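Naming convention: chains lettered A, B, ... in sequence-line order (proteins, then strands); numbering from 1 in each chain. For clarity, every value in this text was computed on a predicted model and none was experimentally measured.
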Number of protein chains: 2
Amino acid sequence: MKLPKKERQSRLKQKIFENPFVTDDDLAKQFNVSVQTIRLDRMELSIPELRERIKSVAEKTFEDEVRSLPIDEIIGEIIDIELDESAISIFDVKDEHVFQRNGIARGHHLFAQANSLAVAVIDDELALTASSQLQFYKPVQLGERVVAKAKVSSKDQRRTTVEVQSYVGQTLVFKGDFNMYRSTTQLKGDE
Amino acid sequence: MKLPKKERQSRLKQKIFENPFVTDDDLAKQFNVSVQTIRLDRMELSIPELRERIKSVAEKTFEDEVRSLPIDEIIGEIIDIELDESAISIFDVKDEHVFQRNGIARGHHLFAQANSLAVAVIDDELALTASSQLQFYKPVQLGERVVAKAKVSSKDQRRTTVEVQSYVGQTLVFKGDFNMYRSTTQLKGDE
DNA sequence: CTACTATTAGTACCTAGTGCTAGTAGCGGG
DNA sequence: CCCGCTACTAGCACTAGGTACTAATAGTAG
């Protein structure tokens with residue numbers, strides 16, 4: 001019934017990573033061992049206690065000044081924004097964003113960063129992407145930092161056009177033209 | 001030296017808003033009153049204790065984080081594939097795919113499903129998206145099942161064009177034309 | 001003087017731990 | 001068969017940052 005130590009510890013690590021809000025007691029019950037064993041495991045794995053874990057998660061958000069902006073659903077970190085004008089975000093390419101076999105960032109992450117930024121820059125209750133044209137100029141590699149710059153290029157009653165250009169260093173790697181619906185009533189289009 | 005009650009309470013509120021990580025003890029020293037007074041004030045103002053405050057901040061971040069990450073797995077489930085010909089995948093729209101405020105699926109998930117499918121249908125070691133044109137016809141709602149159908153429409157030495165159409169029931173909700181690079185050598189383009 | 005508010009003090013209890021000591025169960029080697 | 005080792009368990013004292021409650025005191029208004 002009980003797992004070997006190594007197995008338990010690696011699962012423990014995973015569990016806590018997935019849900020840092022879990023107590024030692026919960027874990028002890030899940031793994032069918034004593035609380036003490038869980039604590040020994042945490043020591044060995046250098047995993048801090050529940051409250052410290054929660055605190056560090058909270059500190060991360062809190063330190064981000066951008067948290068006050070209505071940006072709770074953004075891919076990448078917004079570092080500058082002028083509503084209905086322009087915005088800049090950065091996105092660090094990590095393991096989970098790339099193809100395992102060649103370390104190239106998957107396209108939808110670049111799209112997601114650009115599209116989120118296009119949504120964020122629009123100063124309206126609702127912003128949905130109606131259509132877009134994308135160009136992927138150069139593969140982005142693991143570890144690179146993508147800087148996306150959005151500019152509102154035109155605006156009428158219902159629609160706004162946002163141009164997003166993403167760079168790695170000085171190199172243009174991606175460009176997207178987003179045609180966005182605005183306003184409070186949703187008719188067509190997505191996001 | 002000591003402030004009147006009302007004044008102290010409004011400053012207390014402000015202090016805690018600015019820095020939710022402050023303890024009652026700290027506050028008591030700052031306002032030069034007893035810890036009990038601070039606690040009575042918090043009760044009257046319905047401000048939760050330190051740990052609860054930290055926890056709620058952490059929960060907010062954590063939910064945002066897990067929301068932006070799971071774009072990684074192969075998006076949608078491939079239910080039929082004929083290499084270099086066509087493919088079909090399904091994608092169920094869940095909580096984590098939609099905007100909280102209106103339950104509409106975020107565009108990059110539809111893009112990700114379509115783009116993954118375009119990559120999958122190509123019978124080559126490497127397939128990267130060079131460019132694409134997207135149309136979002138209708139918002140997709142939480143709980144809906146999106147069926148994406150990919151068709152290879154043209155093919156030459158280096159490039160393949162894949163048309164993907166996504167449906168909810170009989171309704172076309174999304175269309176994407178993907179211009180893909182193939183082969184083992186990577187030159188330009190992403191994914 | 002009494003009533004009332006604001007404040008302070010102190011106690012028991014809570015959670016989710018740390019840090020420590022001690023004991024046991026199972027296994028391999030000599 | 002005992003020795004030593006690892007893994008696990010158990011218990012106790014203590015901690016922070018509280019809750020919930022009772023009681024006492026100071027000041028002020030009627």
Side-chain angles (χ1 to χ4, degrees), chain A residues 1-65 67-68 72, chain B residues 1-70 95-96:
Chain A
M1 189 61 224
K2 288 187 187 183
L3 297 160
K5 188 178 177 181
K6 281 212 167 184
E7 178 69 14
R8 187 190 57 233
Q9 290 195 342
S10 84
R11 289 202 192 184
L12 186 85
K13 212 167 170 175
Q14 185 60 25
K15 280 258 176 218
I16 292 177
F17 176 79
E18 281 166 15
N19 175 22
F21 299 87
V22 70
T23 63
D24 289 357
D25 215 72
D26 292 343
L27 290 163
K29 276 162 194 157
Q30 282 184 48
F31 289 108
N32 199 28
V33 294
S34 70
V35 186
Q36 286 79 353
T37 302
I38 297 296
R39 287 178 182 160
L40 287 170
D41 286 347
R42 272 199 302 101
M43 303 291 161
E44 283 179 31
L45 300 168
S46 306
I47 297 171
E49 63 163 292
L50 172 69
R51 284 152 177 164
E52 290 307 313
R53 295 195 301 265
I54 291 178
K55 203 171 157 188
S56 70
V57 173
E59 273 165 353
K60 237 196 300 177
T61 359
F62 196 74
E63 278 161 17
D64 287 346
E65 294 151 54
R67 111 207 106 89
S68 51
D72 49 346
Chain B
M1 189 63 223
K2 288 189 186 183
L3 297 160
K5 189 178 176 180
K6 282 212 166 186
E7 178 69 13
R8 186 190 60 234
Q9 289 195 342
S10 85
R11 290 202 193 185
L12 186 85
K13 213 168 170 174
Q14 186 58 26
K15 280 259 175 217
I16 293 176
F17 176 79
E18 282 166 14
N19 175 22
F21 297 87
V22 71
T23 64
D24 288 358
D25 215 73
D26 292 342
L27 291 163
K29 276 162 193 158
Q30 283 183 49
F31 289 108
N32 198 29
V33 293
S34 70
V35 184
Q36 284 78 354
T37 301
I38 297 296
R39 285 177 184 163
L40 286 170
D41 286 347
R42 273 201 300 101
M43 302 291 161
E44 283 178 31
L45 300 168
S46 305
I47 298 171
E49 63 163 291
L50 172 69
R51 284 151 178 165
E52 290 307 313
R53 295 195 302 264
I54 290 178
K55 203 172 158 186
S56 69
V57 173
E59 271 164 354
K60 240 195 298 176
T61 2
F62 192 73
E63 276 160 22
D64 289 350
E65 259 178 41
V66 282
R67 212 157 294 273
S68 58
L69 285 179
D95 274 337
E96 62 264 32

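As rounded to whole Å, 15 Å separates atom C1' of D:dA16 from atom CG of B:Leu27. Look at CG on B:Asp41: it is 7 Å from P on C:dT7, rounded to the nearest Å. One atom, CD of B:Glu44, and another, P of D:dA20, lie 15 Å apart when rounded to the nearest Å. To the nearest angstrom, C1' of D:dC8 lies 12 Å from CD of A:Gln9. In this structure, CZ of B:Phe21 is placed 13 Å from P of D:dG18, rounded to the nearest angstrom. With rounding to whole Å, A:Glu52 atom CD is found 17 Å from D:dT15 atom P.
Residues satisfying the salt bridge (Lys or Arg N to Asp or Glu O under 4.0 Å) test with A:Glu7, not counting sequence neighbours, are A:Arg11. The salt bridge (Lys or Arg N to Asp or Glu O under 4.0 Å) search around B:Lys13 returns none, not counting sequence neighbours. Judged as a salt bridge (Lys or Arg N to Asp or Glu O under 4.0 Å), and not counting sequence neighbours, the contacts of B:Asp41 are B:Arg8.
When atom types are taken as modelled, the side chain of B:Arg53 and the backbone of B:Val22 share a donor-acceptor pair closer than 3.5 angstrom.
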Throw together a table of side-chain donor-acceptor distances under 3.5 angstrom for residues 44-51 of chain B, partners on residues two or more places apart or in other chains.
residue: B:Glu44; atom: OE1; partner: B:Lys5; partner atom: NZ; Å: 3.4
residue: B:Glu44; atom: OE1; partner: B:Gln9; partner atom: NE2; Å: 3.0
residue: B:Glu44; atom: OE2; partner: B:Lys5; partner atom: NZ; Å: 3.2

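Within the 4.5 Å cutoff, the side chain of A:Phe21 has heavy atoms near those of the B:Lys55 side chain.
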Spell out protein contact along nucleotides 8-25 of chain C as letters: B when the base is contacted, S when just the sugar-phosphate is, - when no protein heavy atom is under 4.0 Å; keep the 5' to 3' order.
BBB----BBBB-------
Produce the list of close N/O pairs, under 3.5 Å, pairing protein atoms with atoms of nucleotides 25-30 of chain D; give distances to one decimal.
none

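Within the model, atoms CD of A:Gln30 and CG of A:Asp25 stand 11.0 Å from one another, a figure rounded to the nearest 0.5 Å.
Taking 4.0 angstrom as the limit, B:Arg8 places none of its side-chain polar atoms (N or O) nearer than this to OP1 or OP2 of C:dA6.
With B:Leu27 as reference, B:Ile16 is the one residue of B:Thr37, B:Val35, B:Ile16 to meet the side chain to side chain contact (heavy atoms under 4.5 Å, CB included) rule.
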